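This report refers to the structure that appears directly beneath it.
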Amino acid sequence: MAVLTNVVATVRRSPLTVVIALVVVLLAVNLGLSPTMLSGHQLPNTVNLLVPSVLVAMASVPAVMSGRGGIDLSVGPLLGFVNVVLVGVLVPHSLGSVWLSLPLMLAIGAVTGLVNGIAIAYGRLQPVVVTLGSYLVLSGLALVVMPQPVGVVPTWVTYLSGAWLGGYLPRSLLLVVGALVLWRILRYRGAVGTILATGSDDRAAFTSGVRVSRVLCLAYASGGVFAALAGIGLSVLIGSGDPTVGRQYTLAAVAAVALGGNPLIGGRGTMVGPMLGASSLFLIQTMLSSLKVSSLWIQVVYGAVLLFAVCANAALASRLTARPRVGVA
Amino acid sequence: MINSEIRAVTLETTSSDVAGTPGAAPAIVEVRGLSKRFGATRALVDGSLSVAPGEVVALLGENGSGKSTLVKLLSGVLSPDEGQIFVAGTAVRLRSPRAALAAGIVTVFQEILAARDRLVLDNLWLGHGSPVLSRTAVTGRRRLASEAWHRLAGHDVDLDRPLGELTLMEQQICVVVRALLRDPKLLVLDESTSTLDVELRDRLFAEVRRRAADGMGCLFISHRMDEVMAIADRFVALRTGQVVGVRRRGEADARELIRLISGRDVEAGARRTGTVRRGSAAVRLEDVSLRPGTRPFAATVSRGEIVGLAGLEGHGQDELIRCLAGLQTPHSGSVHVAGPKGRADDDPAAVTTYRGGVARGVVYVPRDRKVEGMADVLPIIDNYSMPTLDRDRIGGVLRPRRTKTRFQRDARTVNFTPGRQDSIGRLSGGNQQKVIIARWLAAEPRVILLNDPTRGVDLKTKHELYEVFRGLADAGAAVVMLSSEVDELVHLMDRVLVFHDGSLSAELAGDDVTPESLVSAYFGRPAVPTAPTAPTAPTAPTAPTAPTGGH
């Protein structure tokens, strides 16, 4: 009984229950359909496909956490823009070495996020409108820089597409590790806590001496850096420049955040949840292609799974919290 | 613009005089000539005030008198148009709450400002930055937080629960403890006692006194005269943005203070009529037990009477009023409400849902009006007409003119004068409450459930509301009102049901309702017969002997 109560309490605390169950089931189905998916031969390809989606989901997280209707629609085009700048600008000007291009791309991400953040925090504009604006600007700029898919990635990016340990340790995971380290540092410095507190009640945070505007800028800037890492992940995946492929990542990222159990009103949530959410969307895709289902159906299934997961999260949360509240005795 | 700059410069020179004054210790905080206007409204005019080390100063005034503006200026939420703030004799500019906190001015705001999604521990240290990098490490924070909580509240708290899962009172404790953890030089308590029960309020006062003995200053704001009289060393009265009087403790009684802040003599408001004209039973509770294992009880509420529900926070009175409203069901037993007119009164039906209650003429005015009571961005009139809009439909088409007519009538009844403000969110707390009560008057209720309706409402409005409640009872409604204020229970209620440990512990009627009998019932002790005590009731500061003057 006590064990059961503990389990229930843990489940209640954890918004991850649904998404973890989803990933486990989908992984089992996928392995049943194609047992070689996790073999050293196929694993790097699988992971390279997965990495940009996971990173772009991570990029959406801080903005959503920061509340006030926070959302960053520009992460998709930003990832595409970073890819295009790398292949179409940095490589031709022989700036493609890792020591030059990596910091430059991260800076592009940070500055874009910062601009969004400044407009939202100091300009007091709606996040949806601001980031929709930068979505359009970045999509357009990507086409201006590179009208057609073309070019090759620098050697360090090609190197990341490989793997160590006979294929069992894909090097593209370094990008995810990098993002997690950055998030860890932010958490360690207390920034994640203030982002969440601001998202929960920005007036409470403000009157408690939190510099709310800076916190919002930091949230969007860190999202931008994650999106830049996603851009590198995309370059690893496609091995060239493509100005249009980035955009489609935006909505998948929002879906991943919701799937991961993070409420879109902010103030709560985890980083792991949306990463798992992105993984489950990816696993749905591979499952459908193993089943030879027409790719036209993918979006339908995405949407259905998303609605199911959101309902399951809500049902779980309400069933477990709808108990009579007993006051202090 | 230029004028204000010159003024600032002259004030700078006086500030050095203040700092240079030999002998007297400088005030912790002094404000001089502080003014603030919003558009055409002068919220504060030439406000001056000082708080010495160890002193508790009460700031008195009705809603809209400039108290909140002064608090916001001191806490750095607003900046003054004119005037200066001195901290320990030095002129400071408080550009943000952060700056005010750094200067040692820590404010507990009227609203409970807290991040409800975050853990209690995070809330207590909100704004302190990372525990890893600061001087007080994680474990230290934990220890300090639970010590401070225990010292104030007398019980422990689970620091790892999300704050939103705690009761309103615990959330209030959290914001007070958060302020105390900052070791304030000046602690500003703006209506911070309104959700605390008597026991906790006394503990808070003791803590303030303890800290004052170590040199902390306190600016205390409350609408409850008994609290103000209990703790303040000095009283500063504000009216329409101006300081209208300063009195030391002992120089003025409650009556005099009320006269100062209202500018005229205030009657006690709706007094008990003495002869209780009880009608037929409107609500009947049968064998109700609120929680598993609590003693079942029975009670009735009749038409024409006002019945108070009282007790320490969380002892069952809140659950009972929610059961009456049909918002929750009692653990066992049933709640019966008499049917509509024309039907036999002795045919009361059990109410188990909110809609069922509404159909029988039960209306409920919730405690937390911000969350449960109103749509604060909508216009006043829409907030008023929400539940009764169907009446203004003719052939399915809404007639706004009809709504307006109804609103004007009901607004007059509650003594609410519509001003230029359109959205209800911009009204003062008292006026918001009037609009919400007018809304339910429109529903022609037979049973009115009021959950602490005068919380955070200024004295004058409170008395107006009492008149309205009395009027409703006289018109034949049964009024059930949960109240946490002893004065209110003593002076307004025909009967009071006191709760302890989830059950009815005492039922006091008429003159047996005294502060002493109430408090002993709060703690589950049998009520002491109070017949021999003098009728002068010295603990009831707002009770003049004059009869009720209906105006």
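Here is how names work: the chains are called A, B, and so on, in the same order as the sequence lines, proteins then strands, and each is numbered from 1. Bear in mind that the values here come from a model prediction, so they are computed numbers and not experimental data.
Looking at A/D72 and A/S74, their side chains do bring a donor and an acceptor atom within 3.5 Å of each other.
Between A/L259 and A/V19, the shortest heavy-atom distance links the atoms O-CB, 3.6 Å. Residue B/S79 comes nearest to B/L73 through the heavy atom pair C-CD2, 3.5 Å, listed as atom of the first residue, atom of the second, then distance.
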**OP:** Could you check B/D122 against B/R178 for salt bridge (charged side-chain N to carboxylate O under 4.0 Å, His left out), going step by step and ending with a plain yes or no?
**Re:** CA-CA 10 Å; B/D122 297 332; B/R178 178 170 73 201; over 6 Å; no
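With a threshold of 4.5 angstrom between heavy atoms, B/L101 approaches chain A through side-chain atoms but not through N, CA, C or O.
Against chain B, the residues from residues 197-223 of chain A that qualify, each with a non-hydrogen atom under 4.5 angstrom away, are A/A197, A/S200, A/D201, A/R203, A/A204, A/A205, A/F206, A/T207, A/S208, A/G209, A/V210, A/R211 in number order.
A distance-only check finds a donor-acceptor pair linking the side chain of A/N262 to the backbone of A/T270 [under 3.5 Å].
Ring geometry, B/H500 versus B/H315: the interplanar angle falls under 30°, so the pair is classed parallel (tilted spans 30 to 60°).
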